[in-house]
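Notes follow the structure.
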2 protein chains.
Amino acid sequence: MPKDRRRFTREDPDSRKDALIRATLSLMAARGPSAVTVRAIAEEAGVTQGMIRHYFSSKQDLMNAAYQAHMQTQTEMSQATHDSGGGTARQRLARLIHASVTPPVAEPMALSLWAGFIHMVRRDSAMRVTHEKTYLHYRDLLQVMITAAIAETGRKVSTDEARSLAIACNAVIDGLWLEGGALPDAFDSDELSQIGLRSVEAIIGLSLTGERA
Amino acid sequence: MPKDRRRFTREDPDSRKDALIRATLSLMAARGPSAVTVRAIAEEAGVTQGMIRHYFSSKQDLMNAAYQAHMQTQTEMSQATHDSGGGTARQRLARLIHASVTPPVAEPMALSLWAGFIHMVRRDSAMRVTHEKTYLHYRDLLQVMITAAIAETGRKVSTDEARSLAIACNAVIDGLWLEGGALPDAFDSDELSQIGLRSVEAIIGLSLTGERA
DNA sequence: CGAGTAATTCTGCAAGCGTATAATTACAGA
DNA sequence: TCTGTAATTATACGCTTGCAGAATTACTCG
């Protein structure tokens, strides 16, 4: 009777789920969607494949959870810097922009993750809701901060105008994030951050750094 | 002796390859990377699966060809409008921007295609070369046109400055392209095009439409 | 310390995958 | 019209996939 069944310790559900989610994201980022199999996830998480269906109702369910976790992390990372520290609205806006186009928010693996999930977003309504919420939440934050930054200089903007400016600034940031992730070696360090800052300044017609462009 | 073997007609190699490539792109766009199987491709193209390995050395080889074909189409579509028609450099730049953020260049399926291929780009060197060439080609075109547009007003820009402006404008365009594709219902028609135009005007400090913002 | 139970591992299955190759067919040229 | 050959279809193989359920183990509670 060969008793080579592997030993294990019971862990609390949350840490097990977390391990599975982290394994999923790690595989998706490093090796693409086709490498995200239940067996690979289990191995990466250090468990056997049965655990996936024990803690999630299906592989797709785990994917949804992983996507949600990733988006939340991205949001938190880009906003942590600007929330803390205080300063003027312009300074906080500058910090938000910088954080959004530099690591750890902007890096090749984050782009891989985004690309790996985006096609599921189109077909899975739960994932689509997560996606829209995250995007609009970020853009709304941008809109509020742009409005505040402009207000500091005494000018006022209508809601419609602020919306357009936020869409534009969001596009610059998204574009730089995308390019930095797709061609990581094509730009100097800080180059994308500086370009992002100057572009937003030009779009909203306002210096964020105290210097004149 | 059941002779239910399907009838067929011989076609020239180019049209067969083209049908397989179009089927590949169609599946990738509509149903994502996991739906792109040799059997699905063959069915979509109206042939049997043996054809794929008859005309391509492997499925991956077909994927490369499809990616290349897609990128070439995108490039041609975005540049067709601005090349023809003449006009000032500013007018041609405005047309290029408009074409780049409106259908058929900017649409959900183009984004799906891009996302589906991007992870292969990271690992396959042939695909990476195609990717870099396409990206840099577009950005260089942008840089040339920005330089020309500014020159029309009598100003001059250094090469370094033109490069930064091109990266910034490319980011806006990419960002709007991405957002239009990811949330097709979140924007009015022409909204993204107008925002793109105004943003580029602000970044390069120049009116492209003859009006003052 | 012993029994119950839930967490975890293990094994198996049906379906689908990419690839290889044999069998057939359509067409060109003699 | 017949024959050779390349294009096309059809079939099969070995492997992997997601999923399901039985077997086993670690831990809790009396």
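- One can place CD of B:E43 at 16 Å from C1' of C:dC17, the figure rounded to the nearest angstrom.
- If you check every strand for non-hydrogen atoms under 4.0 Å, A:Y55 touches sugar and phosphate atoms only.
- Under the 30°/60° scheme for interplanar angles, the aromatic rings of B:Y135 and A:F187 are found to stand perpendicular.
- One cannot find a donor-acceptor pair under 3.5 Å joining the base of C:dT9 and the side-chain atoms of A:R6.
- Salt-bridge check for B:E44 with B:R31: failed, with every basic side-chain N at 4.0 Å or more from each acidic carboxylate O.
- Picking from D:dA10, C:dA20, C:dT9 the nucleotide with the shortest atom distance to the side chain of A:R5 gives C:dT9.
- Tested against B:E76, the residues B:Q79, B:Q74, B:Q72 include a single side-chain hydrogen bond (donor to acceptor under 3.5 Å, both in side chains) partner, B:Q72.
- Rounded to the nearest 0.5 angstrom, B:R53 CZ and B:D61 CG are separated by 10.0 Å.
- Of all the residues in residues 16-39 of chain A, A:V36, A:T37, A:V38, A:R39 reach under 4.0 Å from DNA chain D with at least one non-hydrogen atom.
- Checked by distance alone, B:R10 brings a side-chain donor or acceptor within 3.5 Å of a matching partner on the base of C:dA26.
- Checked by atom type, the side-chain pair A:N64/A:Q68 shows no donor-acceptor distance below 3.5 Å.
- Here A:Q49 lies in heavy-atom contact (under 4.0 Å) with a base.
- Rounded to whole Å, atom C1' of C:dA20 lies 7 Å from atom CZ of B:R53.
- Per the geometry, NE2 belonging to A:H54 stands 7 Å off P belonging to C:dT8, to the nearest Å.
- For the side chain to side chain contact (heavy atoms under 4.5 Å, CB included) with B:I41, the lone residue among B:V47, B:L27, B:I21 that qualifies is B:L27.
- Taking atom CD on A:E11 and atom P on D:dT28, their separation rounds to 12 Å, with Å as the unit.
- For A:T48, the side-chain atoms get nearest to C:dC10 when compared with the rest of C:dC10, C:dT19, D:dA10.
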